[in-house]
There are 2 protein chains.
Amino acid sequence: MANIHEIARRAGVSVSTVSRVLNQHPYVSAEKRAAVQRAIDELDYTPNRNAVDLIRGRTRSIGVIIPYNNNPAFDRMLSGVLNKSVEEDYTVTVLPTRYDPEKELEYLTMLKTKLLDGIIITSRANDWSSIVPFAGYGHIVACEYTELEDIGCAYIDRYAATLEVFSFLKSMGHADVAFTTARGETSISTRLTMQAYRDVFGEVRPCRCLDGCTTLKDGMDAARHFLEGKVRPTAVYANGDDVAAGIHQFVLSAGLRIPDDIAIIGQENQPIGQVLQLTTVDHQLFRAGEEALRLVTRGSRDKVQIPYRIIYRSSSG
Amino acid sequence: MANIHEIARRAGVSVSTVSRVLNQHPYVSAEKRAAVQRAIDELDYTPNRNAVDLIRGRTRSIGVIIPYNNNPAFDRMLSGVLNKSVEEDYTVTVLPTRYDPEKELEYLTMLKTKLLDGIIITSRANDWSSIVPFAGYGHIVACEYTELEDIGCAYIDRYAATLEVFSFLKSMGHADVAFTTARGETSISTRLTMQAYRDVFGEVRPCRCLDGCTTLKDGMDAARHFLEGKVRPTAVYANGDDVAAGIHQFVLSAGLRIPDDIAIIGQENQPIGQVLQLTTVDHQLFRAGEEALRLVTRGSRDKVQIPYRIIYRSSSG
DNA sequence: ATGAAAGCGCTAACAT
DNA sequence: ATGTTAGCGCTTTCAT
């Protein structure tokens, strides 16, 4: 590929003039501008972005740290990020960690190496203490609430949503409620869910709580688990609509009725939940993703809460 | 951030020596290497990747052109790409086009600007004639079959799969079959589907074919469309499991039985199809994505076919 | 084994 | 208005 010098030579001007027309600066005569443009067209020239980014120190590119791809929740957020990135004219790089802390730090280092202007953390594997230092090299926005000064966030109020769900179930007469979670008490989601449970129903008994659930099949296994005791719960709050759908299937196949024998509430408002008429908590993760991108491109450290909505359907009575 | 000169000064060596230890070259004495390492650690130094990429002319980064995010099919491919990218140590940038040809060309230009080593095209908005020239600047791999020399591909045999589906339906006694598609005859998928239909059933009547379907709701509308005539089809081949699920719902709500009154076959083997016991064509798009990444990182122009599998469930009788 | 120096392709301050 | 020039931070000959 030709470079800026070749264009300059061919147009009979200096490289600065070429640079000026490239960056639409004023103070370039119409003739020279035309000559430069001609040379550019003739040689089909495009500036080398590595050189531009090197000298500018910015890339208009941001990264999205995501534990798993092909997970409804994270995909929604990523989708929101991508959607907004187009209108903000930023490029987005996906950084899948599988919750490997080393990998995550490696990705964060891309701020230091100047490859990324900012990073959105949808879910993290490291403690904040090892993440915060990277905020010195680029903007970091999280999809969870944090009081840290250096970190912006577009977060959902999972505690409030969960509290509302459990309170609703209680008001409907449910006293024995079970729930599923995805990844143990290392995750804030799980901790907040358990806290809300305690605040409404008291102690969390092992037989009413199952971790490690993400897929439809996990939901079926969870339902089997919840139903195997002599006393069975009368409602289940699943950590996703896929899981809820699995529970739904197993419950029906066990000859029980929904919601009469067991009420089910899911999360994320997925199509599968619509089909099965599942009540669901829509955390509006798409909007969270959009907001996260908006924040990170502005270098904002604002704390923005994304409101949730509960969509009541027949599965919860 | 410190740069290589500072490290050199601090370690009392030249920049070339620093560069050598950075790139694990031989011929560096143990003492100097240690001194350099100490300086690197003390200053918490990380090389600027823009500078490295500029001089090397490579980035170990590839782009994935994708029309829509949050579409089961494209998400599967993207997921496969990402999965493989981790083990191949490449970074992937998502390039959403919404089938805007201009946007797509803009993305392809990232090969010229040296930002990307290669690009995977999951689905395109431009003619090959305007895409091929970019192959001169970086590797291009498509997720559709093409004979073009310059383009590698990891493709699915949609015609064969569709032919098998229609032949199966015919063998089951279905003579009046409908189908849905996503985006008109500009898309190869649609063209291949129509071709297979003609080859098995003859003429494609407008009342047996509905375009613009991607979501569950589209499926419900499609079913309404197919059922409104006096004679209704006895089977529908949907272009995705979400669409098939919508059809499923509408058919049931219309008081008809599946598969007795109407057989349904979907595509992509999504969880929703598993729940509804939908027969489905699994095109193994995840594998296609993995293979595409493998090809593009190797600069290969091989043509690799990804086999499909039909998963028979009760919705097709 | 090590260093000096010439770039990679571009931007921008400075001079004219 | 336009050109000269000094970098941005790194790799890689080419000497020694």
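Here is the naming used below: chain letters follow the sequence lines, and residue numbers restart at 1 for every chain. Predicted, not measured: the structure shown is a model, and the values here were computed from it.
- Computed from coordinates, the A:Arg9 CZ to D:dG3 C1' distance equals 17 Å when rounded to whole Å.
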Tabulate protein N/O versus nucleotide N/O from nucleotides 11-13 of chain D, keeping only pairs under 3.5 Å, one per line.
residue : atom : partner : partner atom : Å
D:dT11  : OP1  : B:Asn23 : OD1          : 3.4
D:dT11  : OP1  : B:Asn23 : ND2          : 3.2
D:dT11  : OP2  : B:Ser19 : OG           : 3.0

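- Side-chain nitrogen and oxygen atoms of B:Asn48 include none within less than 4.0 Å of the OP1 or OP2 phosphate oxygen of D:dG9.
- As a whole-Å value, the separation of B:Asp53 CG from C:dG9 P is 14 Å.
- The separation between A:Asn3 atom CG and C:dG7 atom P is 13 Å, rounded to whole Å.
- As rounded to whole Å, 12 Å separates atom P of D:dC10 from atom CG of A:Leu115.
- Taking only side-chain nitrogens and oxygens, B:Tyr45 comes nearer than 4.0 Å to OP1 or OP2 of D:dC10.
- Rounded to whole angstrom, the span from the NE2 atom of A:His5 across to the C1' atom of C:dT11 amounts to 11 Å.
- Regarding B:Met1, its CE atom lies at a distance of 10 Å from the C1' atom of D:dG9, rounded to whole Å.
- Between B:Arg10 and B:Glu42 there is a salt bridge, since a side-chain N of the basic residue sits under 4.0 Å from a carboxylate O of the acidic one.
- Regarding contacts with the backbone of D:dG3, a side-chain N or O of A:Lys32 is found under 4.0 angstrom from either OP1 or OP2.
- A donor-acceptor contact closer than 3.5 angstrom links the side chains of B:Asn69 and A:Ser79.
- Note that CD of A:Gln24 and CG of A:Leu22 are 8.5 Å apart. Values are rounded to the nearest 0.5 Å.
- Annotation: of the two residues near DNA chain C, B:Leu54 and B:Gly12, the 5′-most nearest-nucleotide partner is B:Gly12.
- Residue A:Asn50 contributes atom CG, which lies 13 Å from atom P of C:dT11 at whole-angstrom precision.
- Side-chain N/O atoms of B:Thr17 include none lying less than 4.0 angstrom from OP1 or OP2 on C:dT2.
- A donor atom on one side chain and an acceptor atom on the other are found under 3.5 Å apart for B:Asn83 and A:Arg98.
- A salt bridge links A:Glu291 with A:Arg294: the distance from a Lys NZ or Arg NE/NH1/NH2 to an Asp or Glu carboxylate oxygen falls below 4.0 Å.
- The OH-P distance, from A:Tyr27 to D:dG3, rounds to 17 Å in whole Å.
- Atom-to-atom distance recorded for A:Ile65:CD1 and A:Ile119:CD1 is 4.5 Å, nearest 0.5 angstrom.
- When only modelled atom types and interatomic distance are considered, B:Lys112 and A:Thr46 share a side-chain donor-acceptor pair under 3.5 Å.
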